[in-house]
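Here's the structure, in structure tokens; my notes come after.
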Protein chains: 2
Amino acid sequence: MVLETATAQQQVLDAADALFYERGVQAVGMDAIRSASGVSLKRLYQLFPSKENLIEAYLDRRDALWKSMLASHVDAATDPRSRILAVFEFLHDWFRQRDYRGCAFINSFGELGTVSPRVAELALQHKEGFRQALIQLSTEAGAADPERLADHLILLSEGAITRSAISGSPDPALRAREAAVLLLDASLPS
Amino acid sequence: MVLETATAQQQVLDAADALFYERGVQAVGMDAIRSASGVSLKRLYQLFPSKENLIEAYLDRRDALWKSMLASHVDAATDPRSRILAVFEFLHDWFRQRDYRGCAFINSFGELGTVSPRVAELALQHKEGFRQALIQLSTEAGAADPERLADHLILLSEGAITRSAISGSPDPALRAREAAVLLLDASLPS
DNA sequence: ATCGCAGGAGAACGCCCGTTCTCCACCCAC
DNA sequence: GTGGGTGGAGAACGGGCGTTCTCCTGCGAT
């Protein structure tokens with residue numbers, strides 16, 4: 001046996017993640033994933049029967065990783081207010097990664113949203129998961145209208161994500177945090 | 001003469017705009033633009049010597065149109081505060097367009113940002129133009145730190161742009177307006 | 001009337017895509 | 001040892017890409 005199935009899957013997903021995220025889904029051919037992962041085309045296709053299938057797996061893994069990174073930042077804080085602000089510190093850390101290129105879901109949606117209902121659905125689910133997390137944090141902080149506060153915080157976060165990608169600077173996370181403080185002051189009981 | 005040069009250019013740009021915006025730049029071939037515009041491939045290539053060139057023209061025109069739509073909404077208001085809020089009413093109108101699919105610059109940046117410096121530059125310029133407009137409005141409204149307020153308003157706007165695209169609903173513009181009101185209350189002299 | 005050339009239709013070119021197939025080397029059960 | 005199946009390398013396939021080229025029609029200037 002040349003390679004454990006589990007290992008081969010990891011290597012394919014690692015390569016797919018790096019390439020899809022850096023260059024976009026459409027610009028990366030299966031052959032590029034083959035040579036980056038070292039897994040033969042034949043095996044690649046028995047692990048992931050089509051490119052669309054591999055794209056789904058790529059997005060699924062991104063979603064899980066993103067959620068766990070967010071959770072670890074949030075859970076490092078105890079005060080409800082600082083748990084909310086931890087979201088923006090998570091974003092700042094994320095934006096500082098050397099290869100940061102925006103949100104994989106937004107980028108994939110831009111490429112395939114009209115043509116692949118599955119990608120559109122995964123993007124929506126990813127963002128909805130983030131929304132639920134913010135509603136939870138807003139509720140814990142005692143917001144009078146947690147959904148409203150959560151929506152406001154999402155707008156700041158998504159705005160920071162795209163502005164940071166285009167400008168190449170992590171600073172939008174700090175600006176978003178500033179604005180979040182103002183919104184919390186206005187929306188939370190002192 | 002079969003077609004005025006100016007007319008042919010318009011038809012090519014109209015077709016490019018519709019197709020590039022709907023399906024993304026990479027997914028649309030020159031042949032699709034040819035048949036949608038009715039302009040022969042030969043003429044198309046003497047009007048725009050390469051696809052990259054046509055993409056630039058597409059983005060340039062989007063930028064000009066976007067700026068003029070924004071300006072006409074803003075200029076319909078006289079009170080400095082409502083001129084700022086007019087930005088979000090402009091967004092709401094935009095999001096309600098049947099074919100709304102997010103910001104062409106964000107989408108193109110996601111597709112080509114790493115591979116085409118020109119596209120990355122045009123995206124940055126477009127967003128910087130928006131930022132300058134918001135700084136101007138914030139200054140006119142008497143903000144103590146106009147750049148700071150403008151950055152906060154940008155985050156809300158960009159967030160609304162992507163959330164509206166992914167969710168398919170124009171509501172994020174209303175949420176963004178709500179949050180903008182809170183930020184204005186906190187940042188402008190009463 | 002004839003020349004010249006702009007412009008249309010679409011084939012041609014070289015390349016890359018996603019996917020499948022061929023061929024061959026290897027390794028385990030018997 | 002031998003058979004069978006797994007998996008590697010890479011060619012093959014059908015199609016689309018951006019771009020250029022060929023061929024032909026039609027019209028304005030001389």
Side-chain angles (χ1 to χ4, degrees), chain A residues 1-59 107-108 110-112 114-119, chain B residues 1-59 107-108 110-112 114-119:
Chain A
M1 172 177 340
V2 179
L3 215 52
E4 291 286 353
T5 295
T7 309
Q9 257 199 48
Q10 281 302 319
Q11 286 181 262
V12 170
L13 285 174
D14 287 348
D17 188 83
L19 293 172
F20 283 163
Y21 183 64
E22 184 192 348
R23 304 189 211 157
V25 216
Q26 310 220 59
V28 173
M30 294 300 263
D31 219 61
I33 288 168
R34 174 191 101 126
S35 53
S37 66
V39 171
S40 75
L41 224 41
K42 193 183 205 172
R43 266 252 276 168
L44 208 167
Y45 269 94
Q46 71 194 40
L47 292 167
F48 303 94
S50 72
K51 188 180 182 183
E52 167 121 22
N53 193 299
L54 178 56
I55 293 172
E56 279 187 43
Y58 151 67
L59 291 176
N107 293 345
S108 301
E111 284 191 79
L112 300 174
T114 42
V115 88
S116 162
R118 189 79 189 107
V119 166
Chain B
M1 172 177 339
V2 179
L3 215 51
E4 292 287 354
T5 296
T7 309
Q9 257 200 48
Q10 280 303 317
Q11 285 181 262
V12 170
L13 285 173
D14 286 349
D17 188 82
L19 292 173
F20 283 163
Y21 184 64
E22 183 192 347
R23 305 189 209 155
V25 241
Q26 311 220 56
V28 173
M30 293 300 263
D31 218 61
I33 287 168
R34 175 191 98 125
S35 54
S37 66
V39 172
S40 76
L41 225 40
K42 193 183 207 173
R43 213 120 107 86
L44 209 168
Y45 270 94
Q46 70 193 40
L47 292 167
F48 304 95
S50 73
K51 188 180 181 182
E52 168 119 24
N53 192 298
L54 179 56
I55 294 171
E56 278 187 44
Y58 152 67
L59 291 176
N107 293 345
S108 302
E111 283 190 80
L112 300 174
T114 42
V115 88
S116 161
R118 189 79 188 107
V119 166

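The figures here come from the full heavy-atom set of this structure, side chains too, leaving out hydrogens, waters and symmetry mates. No experiment lies behind these values; they were computed from the predicted model shown. So that the names make sense, note that chain A is the first sequence line, chain B the second, and so on, each numbered from 1.
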Footprint string (nucleotides 14-20 of chain D, 5' to 3'): B base within contact, S backbone only, - free, heavy atoms under 4.0 Å: ---SSBB
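We find that CZ of A:Arg34 is positioned 16 Å from P of D:dG7, with the value rounded to whole Å. For A:Gln46 and C:dT19, the CD to P distance is 15 Å, given to the nearest whole Å. Per the geometry, CG belonging to A:Leu44 stands 16 Å off C1' belonging to C:dC21, to the nearest Å.
Side-chain nitrogen and oxygen atoms of B:Arg43 include none within less than 4.0 Å of the OP1 or OP2 phosphate oxygen of C:dA6.
Side chain of A:Ser116 to main chain of A:Leu112: no donor-acceptor pair is present (N/O by atom type, distance under 3.5 Å, no hydrogens or angles). Side-chain N or O atoms of B:Gln11 include none that pairs as donor or acceptor with a backbone N or O of B:Val39 at under 3.5 Å. Formation of a donor-acceptor pair under 3.5 Å by the A:Glu111 side chain with backbone atoms of A:Gly24 is not found in this model. For the pair A:Thr114 (side chain) and B:Arg23 (backbone), a donor-acceptor distance under 3.5 Å is absent.
Using a 4.0 Å cut-off between charged side-chain N and carboxylate O, A:Glu52 and A:Arg118 make no salt bridge.
Looking only at side-chain heavy atoms (C-beta outward), A:Ser108 and A:Phe20 stay at 4.5 Å or farther from each other.
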